[in-house]
Each structure stands twice: as C-alpha cells, then as structure tokens.
Engineer: 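Got a structure here, written out as structure tokens. Questions coming.
Throughout, residue positions are numbered sequentially from 1 according to the sequence presented. Hydrogens, waters and symmetry mates play no part in the numbers below; they use all other heavy atoms, side chains included.
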Amino acid sequence: MEVCEISDAKQISYLLSVACQHPMDHEKTILQTVNPYNEDPHAKEFGITFENKLTIVKGRVLPPPVLKFNDQGKVKEFLPKVGKWNMRLKQMVKGGEVNTWACINFASDITHAAAVAFCDELAVMCVISGMNFKGDPVLPLVNAKPNHVRPFLKKHYQRFMEILRPLHKELDLLIVILPDKNGTLYGDIKRICETDLGLVSQCCLAKHVLKMKPQYLTNIALKINMKVGGRNTVLLDAVVGNLPRVSNTPTIIFGADVSHPHHGEGRSSPSIAAVVASQDWPEVTNYAGLVRPQARHEEIIQGLFNENDCGSGCISGGMIKEHLISFMRSTGHIPRRIIFYRDVVSKGRLNMVLEHELSAIKKACASLDPIYNPQVTIIMVQKQHHTRLFAGNYGVGSTIFQSGNVLPGTVVDKEICHPTDFDFYLCSHAGTKGVSRPVRYHVLWDENNFTANALQILTNHLCYTDARCTSSVSIVPPV
C-alpha cells in the first residue's frame, strides 16, 4: 500500500472536479466502460453479452411537505421548491433565548474589529429570525492563541462566571472563531465545552467570518436556536394531523448507528454506539442522543437494554428505556408506535441484528410495564452502495436545473429492489454536484403495517426536518 499526499490545493480542486461529473457525462462514461466487455474472449466463451444501455426503471417523485413557520413572520407556511427554501420573511416556530453570551477568537488573521462586527451581525440575524438574543456579550471579545486551549477556556469561563454567578445566571452561549486550518482545535474545544464546562458552543471558521454572507449567518442562527432549546420549523402535516402512522398515535422515532475506530488507532479503542430519539409529538423535530462504548468492531448495539443484578433484584436500563422515559416526561404521552431507523450492517449479520436489537427493544418496553407492548417497525438505512439513478431525459422540469440530477423525492421500489422484501430507493435531496446517490431503506420488521406509500412519504417528509440547513437532506435525520 502506498500513501499519496496532495499538498497543492489546485490539484485537490482538479481531482474533485473530475470526480463530480455531470450525470449525463457520468452515464456516457459508464457505457464506454461496458462496451469493450462485449469483445472480451472470456465473456464470449461463456456466452455473456452486455447491453449497451442502462436498466430502465419506473419511479415517481414524491411531493415536498409544506413547512410551518412562526405566525409572527410574513410567511407562515412555505412549500419548498426543488428541496430548498430560505428564511427570508420567515421566523422560527419557537425562538430560543440567549441572554448571556461571549466570544473567543482563535484566528490570528481575524482582527478584533472584524470579529466584533461578525458577532453583531450574527446577533441581528438571530433576532430577525425570531430568537430572543441579547446584543451585548458578558465581556468584550477575547483574542486567543490555539496553544493551551484547556487552561485558556477554563480561565475565561471563570471570568464569565464571576460576573454571572452573583446574578444567578449561567453562560447561555460561547461563540468561537476558528482558523480555517485548525487541526484538532475544533474537537478539543467541543470536548472541553461539553464535558468539562457544560457550555453550549458554536464554532465559526475565519473564512466565513470575513465574508459574513446572509445565508451563512442564517444557518448559524438555525444551529444556535436548536442548541438553546428552540425549534426552527415543523411539518404542516404534523401540525394538522396528516403525518402517516405518526399523527394518529403517539410515536417515538429512533435513529441508531455504530462508529468503529480507524485502523491504527490502537487495539484498545472501542466502537461507539449512538442512539437518538424524538422528544416531541406530533412534531417529531427535536431529538435527544445517547452514546455508549462497546466491543471493538462489534456491529450489534449492546447498550439498547441491560439488566444488572444488585443482590436485592434486577435493575434494568439501557438506551431504549432512557429514551422512552424521556419521551414520556417531555410529551406526557406513552408511545404506542416505535419507528427504528438503523444504519445498515453487513448482510451476513442482518438476522443477528434483528434478533438481538428487536429483542432489546421489547425487553426495554416490558421493563417499564409488563403489559406495555408498542408496535415496532425496524428500517435499515443503507447509504454506501453503487446504485445510481439517472433521469430518463435531461429536459427542463425532469431534472434539477444545472446539476442534471433526479428531482428530490424521487423514489424507486420496483425492478432494482428485492423481489420479496419491503425496500425502496429514495433520493430525498437536491444534488448540486456529481451524481446523487439514493438511500436504500429496507424494512426488516413491521408491526405498524406500513404501506409502501405511507413509509416513503413519512421518510421523505422527515428529510425536510434537519435543523442545520434550509434544504432537504439525503438521509433521514435520526441516522
């Protein structure tokens, strides 16, 4: 194995441009690659021929959901066009509060005046978008060097708290300006703020601070609002009770994945299982997350349910039970449906995952009440595959303008899908570069009796609820 290090930014840009071919050019490249195989002597010997065209499949484009915004804004409802929208004339459904905040600048190329101007513009954007954001920081902006991050953050946190503690207040937000090439600085800051200090932080790169584009400020405002307990937008169908299988019965939506250590990280590095779950109903836009370490390269999530014998009896716990209790406390409802989106595992372990994780979900429910048995649907979500969808024609209206990709909401559930299993391919986002990769959703277990249409619409609608951007995303947000 050889390692190639590319230091020239122009070369990287060139490689990306080659990889991001227009769908029409990519289609031609595929056909040109296949053609020579018809002349291959080995293929002829076995009577193998290759058709000089792509497989033709039938699909449909699901309609986008109508988004609901705050009634205080001029635009209260909006139908996204080609998977995108903006916050112009709109306000967040529920604006969060930031009464106390501060800013630390680690970027040496950002002047004090530029950093202050950025914070002022960001505060104005937060207010315009519907937040209650106080304009003045607790202390004037602080310039810092990336060296000795931990002692520096702790020192200034103490300075902030010396002012706030007598007022019985906490620091609501810390804005951090980072250099464009920051190495491990971002991870260090997040770890210190979240685990040592218990601070909500928002990092911004220097190149964006200098430009101060309205769209960037809007995206940062959306992130801040969610971090401080606000809500950016909701689906109108959820508000009026038309979300398939969710609106009519209290429903909790889970997302689960396992991250494995990279080769070379050391044999002691564990795999990390993460499970998130919705904490509101019927809106299903706010999620809480839990993480657990587990055996290295173990794909089955071990921490969904566990029992500990303490001598006087068994104490049950686990991530599923914690999320169910949290859901009940925040909504006042007992979930009667569980929809579990699970990041895909290898084919050979699908049955093992279904057997173990479905059993863990059932046991977690029974540990709350022996007769509590909600209906469970488990859906595997596969992003890494080689299937691509090309438009039958590249005319106006049938593809995304300029990029040539299929329209967001394009779904295929025939021809290229499993002949007996319940699965489908959904391209829920508007691909702007290269060829969009659809996501395969494979239903392993379904006690909620979803129809194909209902599950496809629900999944596509959820892709419009990501809190970090004003566009539909390529994969269902819980995952």
Side-chain angles (χ1 to χ4, degrees), residues 5-9 12-13 96-127 129 131 133-165 169-228 262 265 289 467-469:
E5 196 170 304
I6 302 174
S7 58
D8 189 354
I12 297 175
S13 178
E97 290 192 11
V98 177
N99 295 313
T100 57
W101 62 278
C103 179
I104 297 177
N105 176 26
F106 284 97
S108 59
D109 54 338
I110 301 295
T111 64
H112 184 86
V116 170
F118 172 78
C119 290
D120 291 342
E121 289 295 321
L122 180 58
V124 170
M125 181 59 73
C126 288
V127 172
S129 300
M131 290 183 64
F133 197 106
K134 294 296 176 64
D136 297 323
V138 175
L139 286 173
L141 182 140
V142 179
N143 292 312
K145 294 182 180 180
N147 301 330
H148 309 295
V149 176
R150 183 184 295 274
F152 183 87
L153 285 177
K154 288 188 175 182
K155 172 186 174 183
H156 285 279
Y157 175 70
Q158 291 300 325
R159 289 183 59 207
F160 301 144
M161 293 311 298
E162 286 174 2
I163 297 174
L164 297 175
R165 196 173 286 114
K169 294 181 178 180
E170 296 288 338
L171 188 64
D172 294 334
L173 175 68
L174 179 64
I175 301 172
V176 182
I177 300 175
L178 299 177
D180 295 331
K181 295 182 179 180
N182 54 73
T184 61
L185 182 59
Y186 173 81
D188 293 340
I189 289 172
K190 286 294 182 181
R191 183 172 59 255
I192 295 166
C193 287
E194 294 180 11
T195 61
D196 293 354
L197 305 178
L199 275 179
V200 173
S201 59
Q202 179 59 55
C203 295
C204 308
L205 290 177
K207 61 182 179 182
H208 298 306
V209 170
L210 288 173
K211 295 177 182 178
M212 283 195 292
K213 291 184 177 180
Q215 184 60 51
Y216 178 74
L217 294 172
T218 299
N219 288 345
I220 295 297
L222 294 175
K223 292 180 180 181
I224 292 174
N225 188 52
M226 291 299 295
K227 291 177 181 180
V228 298
H262 298 291
E265 285 192 18
R468 299 170 297 174
C469 57

Engineer: Quick one: SG on Cys203 to CG on Leu185, what's the gap to the nearest 0.5 Å?
Structural biologist: 7.5 Å
Engineer: Calculate, to the nearest 0.5 Å, the distance between atoms CE and CG belonging to Met125 and Asn219 respectively.
Structural biologist: 9.5 Å
Engineer: Just say parallel, tilted or perpendicular for the rings of His208 and Tyr216, cut-offs at 30° and 60°.
Structural biologist: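 Taking Tyr216 first and then His208, their aromatic rings lie parallel (interplane angle under 30°).
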Engineer: Distance-only, no hydrogens or angles: does the Trp101 side chain make a donor-acceptor pair with backbone N or O of Val138 under 3.5 Å?
Structural biologist: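 Side chain of Trp101 to backbone of Val138, a donor-acceptor pair under 3.5 Å: no, none is there.
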Engineer: Less than 4.5 Å apart, side chain to side chain, heavy atoms only: is that true for Asn99 and Lys169?
Structural biologist: no
Engineer: Report the distance from atom NE2 of His156 to atom SG of Cys103, rounding to the nearest 0.5 Å.
Structural biologist: 12.0 Å
Engineer: Between Leu171 and Ala102, what is the shortest heavy-atom contact and its length?
Structural biologist: CD1-N, 4.1 Å
Engineer: Indicate yes or no: at least one non-hydrogen side-chain atom of Leu173 is less than 4.5 angstrom from one of Ile224.
Structural biologist: yes
Engineer: Going through the distances and angles, do Arg150 and Asp196 end up as a salt bridge (charged side-chain N to carboxylate O under 4.0 Å, His left out)?
Structural biologist: CA-CA 9 Å; Arg150 183 184 295 274; Asp196 293 354; 2.2 Å; yes
Engineer: Take Asn105 and Leu178, measure what side-chain contact (heavy atoms from CB on, under 4.5 Å) needs, and give me the verdict at the end.
Structural biologist: CA-CA 7 Å; Asn105 176 26; Leu178 299 177; over 6 Å; no
Engineer: If you apply the rule side-chain contact (heavy atoms from CB on, under 4.5 Å), what do you find for Asn225 with Leu222, and how did you get there?
Structural biologist: CA-CA 5 Å; Asn225 188 52; Leu222 294 175; 5.8 Å; no
Engineer: Which pair of non-hydrogen atoms, one from Ala467 and one from Met226, has the smallest distance, and what is that distance?
Structural biologist: CB-CG, 3.2 Å
Engineer: Are Leu199 and Glu194 close enough, and set up right, to give a side-chain contact (heavy atoms from CB on, under 4.5 Å), and what steps lead you there?
Structural biologist: CA-CA 6 Å; Leu199 275 179; Glu194 294 180 11; over 6 Å; no
Engineer: Provide the closest heavy-atom pair for Ala206 versus Asp109 in the form atom of the first, atom of the second, distance.
Structural biologist: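 Here Ala206 and Asp109 meet closest at CB-OD1, 4.1 Å.
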Engineer: Checking Gln202 against Leu174 for the side-chain contact (heavy atoms from CB on, under 4.5 Å) test, could you report, in this order, the C-alpha distance in whole Å, the side-chain angles of both residues, the deciding distance, and whether it holds?
Structural biologist: CA-CA 6 Å; Gln202 179 59 55; Leu174 179 64; over 6 Å; no
Engineer: Would you say that Phe152 contacts Tyr157 through its side chain, given a criterion of any heavy-atom pair below 4.5 Å between the two side chains?
Structural biologist: no
Engineer: Around atom NZ of Lys190, are there more than 12 heavy atoms from other residues, nucleotides or ligands closer than 6.0 Å?
Structural biologist: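 Yes, NZ of Lys190 has more than 12 neighbouring heavy atoms, counting only those of other groups under 6.0 Å.
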Engineer: At their closest point, which heavy atom of Val127 faces which heavy atom of Phe133, and how far apart are they?
Structural biologist: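 Scanning both residues, the minimum pair turns out to be CG2-O, 3.6 Å.
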Engineer: Counting C-beta onward and ignoring hydrogens, is there a side-chain heavy-atom pair between Ile104 and Ile177 closer than 4.5 Å?
Structural biologist: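 No, their side chains stay 4.5 Å or more apart.
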Engineer: What residues, two or more places apart in sequence or in another chain, satisfy side chain to side chain donor-acceptor pair (under 3.5 Å) together with Thr184?
Structural biologist: Asp188
Engineer: Any side-chain heavy atom of Cys204 sitting closer than 4.5 Å to one from Val176?
Structural biologist: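 Sidechains of Val176 and Cys204: no contact.
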Engineer: Got a list of side-chain donor-acceptor pairs under 3.5 Å for residues 110-124, not counting sequence neighbours?
Structural biologist:
from	atom 1	to	atom 2	distance (Å)
Thr111	OG1	Ala114	N	3.1

Engineer: Quick one: pull up CD in Glu97 and SG in Cys126 and give me the separation to the nearest 0.5 Å.
Structural biologist: 13.0 Å
Engineer: Taking all non-hydrogen atoms of both residues, which atom of Pro179 and which atom of Phe106 are closest, and how far apart?
Structural biologist: CD-O, 3.7 Å
Engineer: To the nearest 0.5 Å, what is the distance between NZ (Lys227) and OG (Ser201)?
Structural biologist: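 Reported to 0.5 Å precision, the distance equals 5.5 Å.
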Engineer: Indicate the atoms forming the closest heavy-atom contact of Val98 with Met131, along with that distance.
Structural biologist: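 Nearest heavy atoms, Val98 then Met131: CG2-CE, 3.7 Å.
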Engineer: So, the side chain of Asp172 versus the backbone of Thr100: is there a donor-acceptor pair under 3.5 Å, distance only?
Structural biologist: yes
Engineer: What distance do Arg191 atom CZ and Ile189 atom CD1 have between them, rounded to the nearest 0.5 Å?
Structural biologist: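 CD1 of Ile189 is found 10.5 Å from CZ of Arg191.
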Engineer: Just to verify, what does Glu170 make a side chain to side chain donor-acceptor pair (under 3.5 Å) with, not counting sequence neighbours?
Structural biologist: none
